[in-house]
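Take a look at the structure set out below.
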Number of protein chains: 2
Amino acid sequence: MTSTPHGARARARNEITAAIKEEARRRLAEQGAAELSLRAVARTLGMASSAIYRYFPSRDDLLTALITDAYDSLGEAAEAALKASAGAAPGERWTAVCEAVRGWALAHPHEYALIYGSPVPGYAAPATTVPAASRVGFALIDVVRDAHRAGELNVPSVPADLEAEAARMAADFVPGLPPAVAPACVAVWAQLLGLIGFEVFGQFTRIVEERDAFFRHTVGGLARTVGLRPAGAS
Amino acid sequence: MTSTPHGARARARNEITAAIKEEARRRLAEQGAAELSLRAVARTLGMASSAIYRYFPSRDDLLTALITDAYDSLGEAAEAALKASAGAAPGERWTAVCEAVRGWALAHPHEYALIYGSPVPGYAAPATTVPAASRVGFALIDVVRDAHRAGELNVPSVPADLEAEAARMAADFVPGLPPAVAPACVAVWAQLLGLIGFEVFGQFTRIVEERDAFFRHTVGGLARTVGLRPAGAS
DNA sequence: ACACAAACGAGAGCACTGCTCTTGCAATGC
DNA sequence: GCATTGCAAGAGCAGTGCTCTCGTTTGTGT
């Protein structure tokens, strides 16, 4: 399969597929998903628009590929912050990961809109995007698990009507942690992305000015919600 | 009809404008903003597509009108819950307003996507939408102010690098409340809408099953963040 | 009462989109 | 060598937002 005559075609195909994705990503980053036109990327690639359909059966499939890439790129940023902060106090790691996610979102607003904004077409989140999408959440959970191992986790309480749900959540995503933290993790995950989304989408215009300090402070509150001692707390 | 010479045209114009908005809103609710086509609404209204431009100078202007309406509709839902819960404990009112917002979002997912999802076109949030957009936030703040008047507000602390910002925020949106609660209010506002957005946009699929109980519990945590005693807390 | 101006509706048309189908060419497999 | 397959290009369809023009209707100032 390496130097077989069959491989030449395959390699060319991979290269062209990558070139299409790259150009599409460039346009996405500049103008947003709504303005992404198959014909335009075909034009700048010097190929007929119909040729693109050999590589992506439809525009939505191209978008799905970009979605997966965006999830992965964001997940990598979060995991990088996780690694870079290894050994630090859980509270510090928490804000490090959160700020990495925020930094990525501010640097790639259109990609962020693609994955956490409104589902663009008839909205479809194919199952293939799930693993890439969960990386951010797992990075956050890693911090919590870290704190739990160190005995520094303040396990929250959970109402009776959520106990079963918490147990299921814990079994699915948070193995090795007390079930009671699972709902808090999920809630904080959604709240963090909501907070970042508001900033990226301009909802904070004329409302929040000191964005950095505001984010740091708010993220500290989120840490407390999952049972962590926030960074810099006495 | 000839009673008011000047009013005949104006009234017809208002009626047609309303009919266009109504039909557009219907299509928006069914298919989403991306699929909203000017020509299609013109067709079902029995008029030429070019005639629509006498009433809305562009598709984006129609969308802007729908955005304002959606903000108002959501704001009304929140304010209705506020009124209906008058006299109840602040914690109860808090979850009442939050659940009203969530209920509206789940009932009008496309409208919700329009106002809190990714900015669709080249994204424009004209200043005219601001008052409508702030109604939800003010409904939440009203609950906090209510608690403060009753002396039941647990004023949070604010780090030194946010004190000036908190004072500015308080002067702008939260008059009569201690400045320290302002950042918490803004943060919780963003977090609440983020939480709802995750549910509406399907991010909770296969993750949260008991949505009602989960939301109730999470919203209780948000209440605590702004200094309220959550509903049903001892 | 009449003329003038403004508002209006309809149609044609432009540039653009996603997507399909057919045709011709080149590389691959027997 | 020959048949099969993968690929690229072009034409074409249906649809979009938007503009322009051309009559017609409606309201108003004199």
Side-chain angles (χ1 to χ4, degrees), chain A residues 1-21 23-24 27-28 30-67 114 119-124, chain B residues 1-21 23-24 27-28 30-67 114 119-124:
Chain A
M1 311 222 178
T2 52
S3 61
T4 61
H6 167 279
R9 269 250 161 112
R11 194 166 55 193
R13 184 178 177 85
N14 288 342
E15 274 177 19
I16 296 185
T17 307
I20 294 175
K21 278 213 301 191
E23 176 62 25
R27 294 190 168 264
L28 168 68
E30 285 175 2
Q31 312 160 340
E35 276 76 15
L36 192 147
S37 145
L38 272 183
R39 294 180 109 113
V41 332
R43 227 173 285 135
T44 78
L45 255 51
M47 51 175 21
S49 67
S50 55
I52 298 238
Y53 289 84
R54 299 265 168 202
Y55 301 88
F56 294 94
S58 86
R59 180 181 181 273
D60 282 4
D61 290 271
L62 215 194
L63 274 183
T64 302
L66 294 182
I67 287 177
L114 192 62
V120 189
Y123 86 106
Chain B
M1 313 228 180
T2 60
S3 52
T4 45
H6 172 281
R9 252 222 213 279
R11 194 168 55 195
R13 184 176 178 86
N14 287 343
E15 274 177 21
I16 296 185
T17 306
I20 293 176
K21 278 212 303 191
E23 176 62 25
R27 296 194 166 261
L28 168 68
E30 283 176 4
Q31 313 160 339
E35 276 76 18
L36 192 148
S37 145
L38 271 182
R39 293 179 110 111
V41 332
R43 227 175 285 133
T44 78
L45 255 51
M47 50 174 24
S49 67
S50 55
I52 298 235
Y53 289 84
R54 300 270 174 202
Y55 302 87
F56 294 94
S58 88
R59 181 180 180 274
D60 282 5
D61 290 271
L62 214 195
L63 274 183
T64 302
L66 295 182
I67 287 177
L114 192 61
V120 190
Y123 87 106

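Order of the sequence lines sets the chain letters (A, B, ...), proteins ahead of strands, with each chain counted from 1.
In this entry the distance linking CD of A:E15 with P of D:dC7 reads 13 Å, nearest Å. Per the geometry, CE belonging to B:M47 stands 16 Å off C1' belonging to D:dC18, to the nearest Å. Note: CZ (A:R39) to C1' (D:dA14) measures 12 Å, nearest angstrom. A:I52 places its CD1 atom 15 Å from the C1' atom of D:dG10, with the value rounded to the nearest Å. The OH-C1' distance, from A:Y53 to D:dA11, rounds to 15 Å in whole Å. In this structure, A:D61 atom CG and C:dG18 atom P are separated by 13 Å, rounded to whole Å. Atom CG of A:D60 and atom P of C:dT17 are 16 Å apart (whole Å). Across the protein-nucleic acid pair, B:Q31 atom CD and D:dT16 atom P stand 11 Å apart, rounded to whole Å.
If you check C:dC19, D:dG17, D:dT16 against the side chain of A:S58, the one that comes closest is C:dC19. Among the nucleotides C:dG11, D:dC18, C:dG9, the one closest to the side chain of B:I16 is C:dG9. The side chain of B:R43 approaches D:dT16 more closely than any other nucleotide in the set D:dT16, D:dT26, D:dG17. In this structure, of C:dT20, D:dC20, D:dG17, it is D:dG17 that holds the atom nearest to the side chain of B:S37. Comparing C:dT17, D:dA9, C:dC8 by their nearest atom to the side chain of B:R54 picks out C:dC8.
Under the side chain to side chain contact (heavy atoms under 4.5 Å, CB included) rule, B:I52 has a single partner from B:M47, B:R59, B:R39, which is B:M47.
Looking at heavy atoms from C-beta onward, B:R54 lies out of side-chain contact with B:I16 at the 4.5 angstrom threshold.
The residue among A:S50 and B:A48 whose nearest nucleotide of DNA chain C is located toward the 5' end is B:A48. Place B:P57 and A:G46 on DNA chain D by their nearest nucleotides, and A:G46 ends up nearer the 5' end.
Nearest heavy-atom pair across B:S58 and B:Y53 is CA-CE2, 4.3 Å.
Using a 4.0 Å heavy-atom criterion, one finds that A:F56 contacts no nucleic acid atom at all. Among the atoms of the strands shown, only primed sugar atoms or phosphate atoms (P, OP1, OP2) are found under 4.0 Å from some heavy atom of A:L36.
Taking side-chain N and O atoms only, A:R59 has a distance below 4.0 Å to OP1 or OP2 of C:dG18. Between B:Y55 and C:dG9, a side-chain N or O to OP1/OP2 separation shorter than 4.0 Å is present.
Side-chain to base pairing of B:R13 with D:dT26: no donor and acceptor N or O lie closer than 3.5 Å to each other.
Between A:L62 atom CG and A:E23 atom CD the span is 11.0 Å, to the nearest 0.5 Å. To the nearest 0.5 angstrom, B:K21 atom NZ is 12.5 Å from B:L28 atom CG.
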